[in-house]
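Okay, so here's the structure we're looking at.
The residues of the chain are indexed from 1 along the displayed sequence.
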Amino acid sequence: MPGLIHIYCGDGKGKTTALLGLALRAAGSGKKVLLLQFFKDGKSAEFASLAHVPGIEVVPQTRTFGFSWTLSEEEKREAAAYYSGLLEDAFRRSGDFDLLALDEAMSACTAGMISEARLLELLAGKPAELEAVLTGRNPSQALVDAADYVTEMRKVKHPYDQGVAARKGIEY
């Protein structure tokens, strides 16, 4: 069975949730999942659950950098080297997995933390049976063209617009 490429994008809530749902479905079917999250420190509530799910391996984040727009040029270079290394390592290891989940991959491209050209090369050269799923806002046309599934989450209404902060267990 060929492995396909999925994109969950848009300005609405649910991109990571959809990725995690697919990861749980895959693991529940006996598949092995490798999950790499860009810009997230592993402290979101879902990690407490994922630690107990056989078949899902989360790439640990040993460094955090904060928001890309707050970083100095030197910090941006360090962050880009770190995230690019994580991406390369995930694809190097991907032959041992059935699903590679890259949360916030498009955001990492937009922020210059990973090379979109390199991401496209890695996706084109992935093992034929590897399913890959990417999330984030504003995928380029090249990423859309490379994908087999593209699902856009569109915000119609969100409590953040009325000043309600992100809530543990719901938004993170």
Side-chain angles (χ1 to χ4, degrees), residues 1-61 64 67-68 83 86-87 90-91 93-94 96-111 113-114 116 119-120 122-124 126-161 164-172:
M1 176 182 348
L4 303 178
I5 299 171
H6 309 240
I7 288 178
Y8 299 126
C9 61
D11 65 355
K13 180 183 178 330
K15 296 176 290 293
T16 298
T17 304
L19 174 143
L20 293 171
L22 182 59
L24 286 170
R25 176 177 286 157
S29 297
K31 296 184 181 302
K32 291 177 60 181
V33 178
L34 183 62
L35 170 60
L36 170 57
Q37 291 191 302
F38 297 96
F39 305 124
K40 297 181 179 177
D41 61 8
K43 294 180 182 171
S44 292
E46 63 264 22
F47 289 99
S49 297
L50 290 175
H52 302 289
V53 179
I56 297 180
E57 181 181 331
V58 178
V59 175
Q61 299 289 318
T64 56
F67 295 110
S68 59
Y83 289 126
L86 289 177
L87 179 68
F91 271 94
R93 297 182 56 216
S94 67
D96 295 332
F97 293 87
D98 302 297
L99 174 69
L100 176 59
L102 302 172
D103 192 28
E104 295 295 350
M106 270 82 74
S107 303
C109 288
T110 301
M113 297 296 133
I114 61 173
E116 181 179 289
L119 176 59
L120 286 163
L122 291 166
L123 288 168
K126 72 175 184 60
E129 64 283 351
L130 179 69
E131 205 82 8
V133 57
L134 297 78
T135 69
R137 295 174 182 236
N138 305 316
S140 69
Q141 190 60 52
L143 282 168
V144 168
D145 291 346
D148 300 290
Y149 297 87
V150 178
T151 302
E152 182 177 2
M153 278 56 163
R154 184 177 65 87
K155 180 184 83 164
V156 174
K157 187 176 182 181
H158 195 291
Y160 182 80
D161 298 333
V164 177
R167 298 163 298 146
K168 185 175 177 102
I170 304 299
E171 282 86 21
Y172 70 95

Requested in this report: Test side-chain contact (heavy atoms from CB on, under 4.5 Å) on Thr16 and Glu46 and set out the steps.
Outcome: CA-CA 10 Å; Thr16 298; Glu46 63 264 22; 4.2 Å; yes
Nearest 0.5 Å, what's the [atom1]-[atom2] distance between [X] and [Y]?
X      : Y      : atom1 : atom2 : answer
Leu86  : Phe91  : CG    : CZ    : 12.5 Å
Phe47  : His52  : CZ    : NE2   : 13.5 Å
Cys9   : Arg137 : SG    : CZ    : 10.5 Å
Thr135 : Leu102 : OG1   : CG    : 8.5 Å

Heavy-atom closest pair, residues [X] and [Y]:
X      : Y      : answer
Ala108 : Phe38  : CB-CG, 3.8 Å
Ala27  : Ile56  : CB-CG1, 3.7 Å
Leu34  : Ala90  : CD2-O, 3.8 Å
Gly136 : Ser107 : CA-OG, 4.0 Å
Leu123 : Lys126 : O-CG, 3.2 Å

Less than 4.5 Å apart, any side-chain heavy atom of [X] and any of [Y]?
X      : Y      : answer
Val53  : Leu24  : yes
Val58  : Leu36  : no
Val33  : Asp98  : no
Glu116 : Ser140 : yes
Leu134 : Leu119 : yes
Tyr83  : Phe39  : yes

Query raised in the report: Going through the distances and angles, do Asp161 and Lys155 end up as a side-chain contact (heavy atoms from CB on, under 4.5 Å)?
Result: CA-CA 11 Å; Asp161 298 333; Lys155 180 184 83 164; 2.8 Å; yes
Report task. Tell me yes or no: between the side chains of Thr64 and Lys40, is some donor less than 3.5 Å from an acceptor? Result -> no
Query raised in the report: Between Tyr8 and His6, what is the ring plane arrangement, given parallel below 30°, perpendicular above 60°, and tilted in between?
Result: tilted
Query raised in the report: Is there a side-chain contact (heavy atoms from CB on, under 4.5 Å) between Phe97 and Glu57 once you walk through the steps?
Result: CA-CA 9 Å; Phe97 293 87; Glu57 181 181 331; 3.4 Å; yes
Report task. Quickly, which of Leu99, Val133, Leu19, Leu100 forms a side chain to side chain contact (heavy atoms under 4.5 Å, CB included) with Leu35? Name it, please. Result -> Leu19
**Report entry** Salt-bridge present (Lys15, Glu104; N to O < 4.0 Å)
**Finding:** no
Which donor-acceptor pairs under 3.5 Å do side chains of residues 144-154 form with protein atoms, sequence neighbours excluded?
unit_1	atom_1	unit_2	atom_2	d
Asp145	OD1	Gln141	NE2	2.8
Asp148	OD2	Ile5	N	2.9

Requested in this report: Name all pairs fulfilling the side chain to side chain donor-acceptor pair (under 3.5 Å) condition that reach into residues 30-39, sequence neighbours left out, sorted by first residue then second.
Outcome: Gln37-Asp103
